[in-house]
Student: 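Please see the structure below; I have some questions.
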Amino acid sequence: MATRALKSARLRRLRRAELSSDTLLLARQLIGHYVVHDHPQGRLVGRIVETEAYPPGDPACHAYIGPTARNASLFLRHGHAYVYFIYGTWFMLNVSSERAGQGAGVLLRALEPVAGLELMRRLRGVETPTELTRGPGRLAQALAIDRAQDGVDLCRPGPLWLAAGPGPTGEIGVSVRIGLTRAVEQPWRFYERGNPHVSGPLRLRR
DNA sequence: TCACTGATCGTCT
DNA sequence: GACGATCAGTGAG
């Protein structure tokens, strides 16, 4: 069982030097690595299976308008969390993705639940494994991510961090990004093909 | 499985 | 005052 194997194995924190500081490369590279939240009630771990890149100069990127109070974390050097609130209900977790002062990020769109599933079920209020972390709003809720994690350095000791994973198990698919009204044609979404935890319509999961 | 709709509130204009 | 990197529920094919 994946959960048991992970508990016996020791997770290794990803060093910043291992992470690309090119947004598109990082979005692809993050597939297969782990997000870990050491929550007071237990460790929550998910394996990244879907990302979207929001590179410098992208009109859909929140940093496009320049630095503001909300998007400040996107301008931190790569490897920091950018968490924002949207639609009055949901938080989204991103990883800053370029050098300091250059606003860009990678949105984590879906995870495969790996450890802490019982706590994830309580946080989400659902039972089905594929409904726990499929979609950016859901994964943030399942990992108890909120504004408190905005600006956190994911490469330093702390409750929220990135751990080295096994990498992609299958082929990485590429598609347009989901839910946008600007720059809709850019193929900047990356996902593990055929993985049932990937979000979006079927044609964007195959 | 897909398309459509309402909910909901922080952020920026 | 408008809008949004979403989700759950509903109804149709």
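Letters A, B, ... mirror the listed sequences (proteins, then strands); counts begin at 1.
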Student: Using only modelled atom types and a 3.5 angstrom limit, is any donor from either the side chain of Tyr87(A) or the base of dA7(B) paired with an acceptor on the other?
Tutor: no

Student: Starting the side chain at C-beta, find the nucleotide from dA5(C), dC12(B), dT6(C) nearest to Arg70(A).
Tutor: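 Out of dA5(C), dC12(B), dT6(C), the nucleotide with an atom closest to Arg70(A)'s side chain is dC12(B).
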
Student: Please report the distance, rounded to the nearest Å, between CG in Asn71(A) and C1' in dA5(C).
Tutor: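 Checked: the CG to C1' distance equals 14 Å.
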
Student: Whole Å only: how far is the CD1 atom of Ile86(A) from the P atom of dT8(B)?
Tutor: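 The distance from CD1 of Ile86(A) to P of dT8(B) comes to 16 Å, rounded to the nearest Å.
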
Student: Are Ile145(A) and Ile86(A) connected in the hydrophobic side-chain network, where two residues link if heavy atoms are under 4.5 Å apart?
Tutor: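 Different hydrophobic clusters.
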
Student: Quick one: is dT6(C) close enough that its OP1 or OP2 comes under 4.0 Å of any side-chain N or O from Arg109(A)?
Tutor: yes

Student: For His62(A) and dG10(B), give me the distance from atom NE2 to atom P, rounded to whole Å.
Tutor: 16 Å

Student: Side chains of Ser199(A) and Arg134(A) only: does a donor on one sit below 3.5 Å from an acceptor on the other?
Tutor: no

Student: Would you kindly give the CD-to-P distance between Glu185(A) and dA5(C), to the nearest whole Å?
Tutor: 15 Å

Student: Check every strand shown and say whether Arg189(A) touches a base, only sugar-phosphate, or nothing at a heavy-atom separation below 4.0 Å.
Tutor: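 Here Arg189(A) touches no strand at all.
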
Student: What's the closest nucleotide to the Ile65(A) side chain, out of dT6(C), dA8(C), dC12(B)?
Tutor: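 Taking heavy atoms from C-beta onward, the closest nucleotide is dC12(B).
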
Student: Is it true that Arg12(A) and Glu18(A) have a side-chain N and a carboxylate O under 4.0 angstrom from each other?
Tutor: yes

Student: Rounded to the Å, how far apart are Glu50(A) CD and dT6(C) C1'?
Tutor: 13 Å

Student: Determine the contact category for Leu202(A): base if any of its heavy atoms lies under 4.0 Å from a base atom, sugar-phosphate if only primed atoms, P, OP1 or OP2 are that close, otherwise nothing.
Tutor: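 The answer is sugar-phosphate, as Leu202(A) gets under 4.0 Å only of primed atoms, P, OP1 or OP2.
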
Student: Is there a side-chain contact between Thr68(A) and the phosphate of dT11(B), meaning an N or O under 4.0 Å from OP1 or OP2?
Tutor: no

Student: Rounded off to whole Å, could you give me the CZ-to-C1' distance for the Phe91(A) and dT6(C) pair?
Tutor: 13 Å

Student: How long is the line joining CZ of Arg124(A) and P of dC7(C), in whole Å?
Tutor: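 The distance from CZ of Arg124(A) to P of dC7(C) comes to 8 Å, rounded to the nearest Å.
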
Student: With pairs taken as Watson-Crick or G-U wobble and both distances under 3.5 angstrom, which stems of at least three consecutive pairs involve DNA chain B?
Tutor: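 So the stems come out as B:1-7 with C:6-12, B:9-12 with C:1-4.
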
Student: Are any of the side-chain nitrogens in Arg138(A) or Glu131(A) under 4.0 Å away from the carboxylate oxygens of its partner?
Tutor: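 No, this pair does not count.
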
Student: Between Tyr54(A) and Arg138(A), just flag the one whose closest nucleotide in DNA chain C comes earlier from the 5' side.
Tutor: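 By nearest-heavy-atom nucleotide position, the 5'-most residue is Tyr54(A).
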
Student: Does Arg70(A) make a cation-pi contact with Phe85(A) (under 6.0 Å, within 45 degrees of the axis)?
Tutor: no

Student: Going by atom types only, do Asp58(A) and Gln186(A) share a side-chain donor-acceptor pair under 3.5 Å?
Tutor: no

Student: So what does Arg177(A) hit on the nucleic acid, given a heavy-atom distance under 4.0 Å: a base, only sugar-phosphate, or nothing?
Tutor: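 Nothing, no heavy atom under 4.0 Å.
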
Student: Are Leu44(A) and Phe91(A) co-members of a hydrophobic cluster defined by side-chain heavy atoms under 4.5 Å apart?
Tutor: yes

Student: At under 4.0 Å between heavy atoms, what does Gly88(A) touch on the DNA or RNA strands: base, sugar-phosphate, or nothing?
Tutor: base

Student: Under 5.5 Å between ring centres and under 30° between planes: does that hold for Trp90(A) against the base of dT6(C)?
Tutor: no

Student: Please give, in whole Å, the distance from dC2(B) C1' to Arg206(A) CZ?
Tutor: 13 Å

Student: Any chance OH of Tyr64(A) has more than 12 other-residue heavy atoms, nucleotides or ligands included, within less than 6.0 Å?
Tutor: no

Student: Using a heavy-atom cut-off of 4.0 Å across all strands, would you classify Phe85(A) as base, sugar-phosphate, or nothing?
Tutor: sugar-phosphate

